[in-house]
2 protein chains.
Amino acid sequence: MIPDTPDHSTDPAPRRARGRPRKTADERDDGNRRQDLLRAAARLFRQQGFAATSTRDIAAAAGMRSGSPFYHFENKEALLAAVMLEGMQRATGRQAGAMHAAAAAAGQTLSARDCLRVLVRNHLEVLLGAESDFIPVMLYEWRSLSEVQRQAVNELRREYEAVWVPVLQALHDSGELQGDPSLARLMIFGALNWAVQWFEPGRRSSLDDLTEAALQLFLKEAA
Amino acid sequence: MIPDTPDHSTDPAPRRARGRPRKTADERDDGNRRQDLLRAAARLFRQQGFAATSTRDIAAAAGMRSGSPFYHFENKEALLAAVMLEGMQRATGRQAGAMHAAAAAAGQTLSARDCLRVLVRNHLEVLLGAESDFIPVMLYEWRSLSEVQRQAVNELRREYEAVWVPVLQALHDSGELQGDPSLARLMIFGALNWAVQWFEPGRRSSLDDLTEAALQLFLKEAA
DNA sequence: CCTACCGATCGGTAGG
DNA sequence: CCTACCGATCGGTAGG
């Protein structure tokens, strides 16, 4: 209602110590506050879109006043870029972890088909799992970024997608994937990324169901 | 610069007849102006997003003053809904036309595979062809709509997608499409709709290329 | 459909 | 990180 003015109606003793705890140099909760902002921004940007979300909304969701986000981020756009970069770093880390874990759990070398299964399953988790606002924001708020920031995000994105390339190539070589692998990759990402628009957690299909459906849809029998 | 104030600097004789031609009752160019607004809105909503586009931008793009869009539409949201409804009506009409034309051109009955080819090709045309801002706006500005308007758009969308259902079912029955046809439909639409994000007209792949790549990716050999 | 305008909100900042 | 604030812009309207 009165965004810029603190509401003291429930606070009859305005002068008592409240809110902000004193920070000791050791605590360095700066990182925490920044993370709080990032999380709040990711959630709101996803729900309402970048342009429809005010920096005041974000500040409030992180328990701050309207001017405070600009202590952590130069401007609103930098906040968006940080959300995207954070999301891509997490996704790339998760992806590498999932591939290593699967290879360790199996004998040693995974079939290309099993590799794709791991990649698809991880991608769906990143898109649709809990704590999953960052990547959808990156996917659907692309145009709100400046050219420079777009390039930075794009770099991480290429890194993420590069893992898929040899897997799809191997599947193409074995005849399990038909057609240009590069176009196939774009269409597979489309099929998965689109789930952001319709997937409802805990309703009918699980992420495992989606993974199997995707493999069935995209892959042929090995020749 | 001074959005609300007309710039008369290039207009030394303010009183002469200019701009708006007298409309006779027969001309009824109301429809034209409304269409101009819809076209301008579709283009801007697609390029910048709904929230980032001002009604002033749209008015200017249609050659009007800032208040005039509200003569044709109750508010900004109604303009968005109109763009989406117009887009869905065109798409459904095109789709029906394409199916009939293909059936007439062939002997009489199309194979399920050929049906899918026609549907995919038409969908890509609607998404990526010339004059193709309306459907991308519908796909990517979903959340900016109120619940009531969302339902109206959804109705037309179900109608459009209903044509695909028996085709995919037939392909599933023949073994050419593996897995739950309902999940397959969602993923196929995702794969195609995602092309809005990366397709560049006249660069490398044509819409025909994409159509064939899609069929190769999704379909198996007939059993 | 234009003119002239209003109230609300927004991104961002200076100073502490 | 808060307070207090500014200039700009925005959706929308009355009256013609």
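In what follows, chains are A, B, ... by sequence order, proteins preceding strands, each numbered from 1. The analysis underlying the following values was restricted to heavy atoms, covering all of them including side chains, and did not include hydrogens, waters or symmetry mates.
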Evaluate the criterion salt bridge (charged side-chain N to carboxylate O under 4.0 Å, His left out) for residue pair A:R46 and A:E141; output intermediate values, then yes/no. CA-CA 8 Å; A:R46 180 183 186 170; A:E141 293 298 337; over 6 Å; no

Quick one: do B:M88 and B:E159 satisfy side chain to side chain contact (heavy atoms under 4.5 Å, CB included)? Show the steps, please. CA-CA 9 Å; B:M88 278 314 303; B:E159 187 185 334; over 6 Å; no

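Computed from coordinates, the A:I58 CD1 to C:dG12 C1' distance equals 13 Å when rounded to whole Å. C:dC10 atom C1' lies 16 Å from atom CD of A:E77, rounded to whole Å. Across the protein-nucleic acid pair, A:F70 atom CZ and C:dT13 atom P stand 8 Å apart, rounded to whole Å. The distance between atom NZ of B:K76 and atom P of D:dT9, rounded to the nearest whole Å, is 15 Å. Between the CD atom of B:E74 and the P atom of D:dG11 there is a distance of 15 Å, given to the nearest Å. Atoms CZ (B:R56) and P (D:dT13) sit 13 Å apart, rounded to a whole Å. Atom OH of A:Y71 and atom C1' of D:dA4 are 19 Å apart (whole Å). At whole-Å resolution of the value, CZ in B:F73 and P in D:dG11 are 15 Å apart.
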For DNA chain D, the dot-bracket pattern of Watson-Crick and G-U pairs whose distances stay under 3.5 Å, | for other-strand partners: ||||||||||||||||

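Under the 4.5 Å side-chain criterion, counting only non-hydrogen atoms from C-beta, B:V120 is not in contact with B:R117. At a threshold of 4.5 Å between non-hydrogen side-chain atoms, the residues A:F73 and A:L38 count as touching.
Between the side chains of B:D208 and B:T211, no donor N or O sits under 3.5 Å from an acceptor N or O.
Relative to the side chain of B:M64, the nucleotides C:dC2, C:dG11, D:dG11 differ in distance, and C:dC2 lies closest. If you check D:dG11, C:dG12, D:dG12 against the side chain of B:T55, the one that comes closest is D:dG11. With C:dG11, D:dC2, D:dG12 as the choices, the nucleotide that has an atom nearest any side-chain atom of A:R65 turns out to be D:dC2.
Paired with A:F45 under the rule ring pair (Phe, Tyr, Trp, His ring centres under 6.0 Å), one option of A:Y140, A:F134, A:W142, A:F50 passes, and it is A:F50.
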Hey, can you pull the donor-acceptor pairs under 3.5 Å for the side chains in residues 186-195 of chain A, sequence neighbours left out?
{"from": "A:N193", "atom 1": "OD1", "to": "A:H123", "atom 2": "NE2", "distance (Å)": "2.8"}
{"from": "A:N193", "atom 1": "ND2", "to": "A:F189", "atom 2": "O", "distance (Å)": "3.2"}

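Residue B:S54 has no polar side-chain atom (N or O) positioned under 4.0 Å from OP1 or OP2 of D:dT9.
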